[in-house]
Amino acid sequence: MVWSQIEFTPAHATYLLLSIFLITYALFEKFIRNRLHLSEPPIALLIGIVLGPRLLGWIAPNYCGVNGCAGGPAIGGWELGDNIVQEATRVIVGIQVFAVGIELPKFYMARHWRSVAMLLGPVMIFGWLVCALFVYLIFKTNVPTALTIAACLTPTDPVLAASILSHSQFSSRVPKRIKHMLSAESGCNDGTSFPFLYAGVFWITQSTAADALKDYFLITIRCQGTLGIPV
């Protein structure tokens, strides 16, 4: 361009499109929630697909093409790599988890830790195994891959939970104890699913069962899990 100061960069495109989406959603929020019975995440997903590299191509942080990016640079797009999207997602989820903790009543976890532990323990393990079974039967994967995919799908997403339980016509009909329980569980289970995820990952990456169990208990459970709780 003649004036480099006003050159349309990927960051400018992101700011502009994100602002337009947020303003448009804010204008029609009541209609979308109370008439269409939709929340932000599915709409944001649809908009992302439309604006992404497969359709309009207006937002393309990292487009690898048909052959993928294994060992090579991105083909087309902004060539930013996956790290920026991954870190942005991590920050958003972290902020939402922190917001869940603030919105809970005072001393909620101290009074209801048994119920939360039941959801994070037996209920989540059962959901993980059932989800892995469906992945194994529907997509014809092997067992380690099914367990890894199920570990990503089992946790209740805090963003989804917050959008469903607040500011909608039907949220007032949900008892507060159910709202608080779902919010607390969704805020905790992202970290709780960490051992489930690495159980499948180590099963895939390690050559023997002994190496997989050693890395799983020494690295994931003992080091990362134990040290991650106080941090």
Side-chain angles (χ1 to χ4, degrees), residues 6 8-63 77-78 80 82 84-106 108 112 115-116 119 123-124 127 130-131 134-135 138 149-150 152-191 193:
I6 60 174
F8 197 67
T9 64
H12 296 155
T14 303
Y15 301 150
L16 177 62
L17 295 173
L18 181 61
S19 300
I20 292 175
F21 169 73
L22 293 176
I23 293 172
T24 305
Y25 182 84
L27 291 175
F28 300 98
E29 179 182 7
K30 290 186 177 180
F31 174 77
I32 294 174
R33 285 183 177 275
N34 300 330
R35 298 297 180 182
L36 301 180
H37 308 301
L38 294 174
S39 57
E40 301 98 323
I43 299 176
L45 176 63
L46 179 62
I47 296 298
I49 294 174
V50 173
L51 300 180
R54 291 293 184 179
L55 293 179
L56 297 180
W58 293 356
I59 297 180
N62 188 33
Y63 182 51
W78 301 343
L80 298 179
D82 293 330
I84 293 180
V85 177
Q86 178 181 345
E87 294 303 323
T89 304
R90 182 177 296 176
V91 170
I92 293 173
V93 173
I95 293 174
Q96 188 61 51
V97 170
F98 185 76
V100 167
I102 294 177
E103 293 173 356
L104 288 174
K106 192 175 182 180
Y108 179 83
H112 299 87
S115 301
V116 177
L119 291 175
V123 174
M124 191 170 180
V130 170
C131 186
F134 278 105
V135 173
I138 295 175
I149 296 175
C152 300
L153 299 177
T154 301
T156 306
D157 189 89
V159 178
L160 289 173
S163 62
I164 292 172
L165 296 178
S166 62
H167 309 299
S168 65
Q169 181 179 0
F170 298 103
S171 63
S172 58
R173 303 180 184 178
V174 180
K176 286 187 177 181
R177 59 184 180 85
I178 302 297
K179 287 185 178 182
H180 294 157
M181 181 63 64
L182 182 58
S183 297
E185 192 267 345
S186 66
C188 294
N189 63 15
D190 280 337
S193 63

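Quick caveat, the model's predicted, so the values are computed rather than measured.
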Is atom CZ of Phe28 surrounded by more than 12 heavy atoms (other residues, nucleotides or ligands) closer than 6.0 Å? no
Where do Leu119 and Met124 land on the side chain to side chain contact (heavy atoms under 4.5 Å, CB included) test, with the steps shown first? CA-CA 6 Å; Leu119 291 175; Met124 191 170 180; over 6 Å; no
Let me confirm one number: the OG1-CD1 distance from Thr154 to Ile149, rounded to the nearest 0.5 Å. 11.0 Å
Can you name the side-chain contact (heavy atoms from CB on, under 4.5 Å) partners of Leu104, sequence neighbours left out? Tyr108, His180, Ser183, Ala184
With Leu51, which residues qualify under side-chain contact (heavy atoms from CB on, under 4.5 Å), at least two apart? Leu17, Ile47, Leu56, Trp58, Ile59
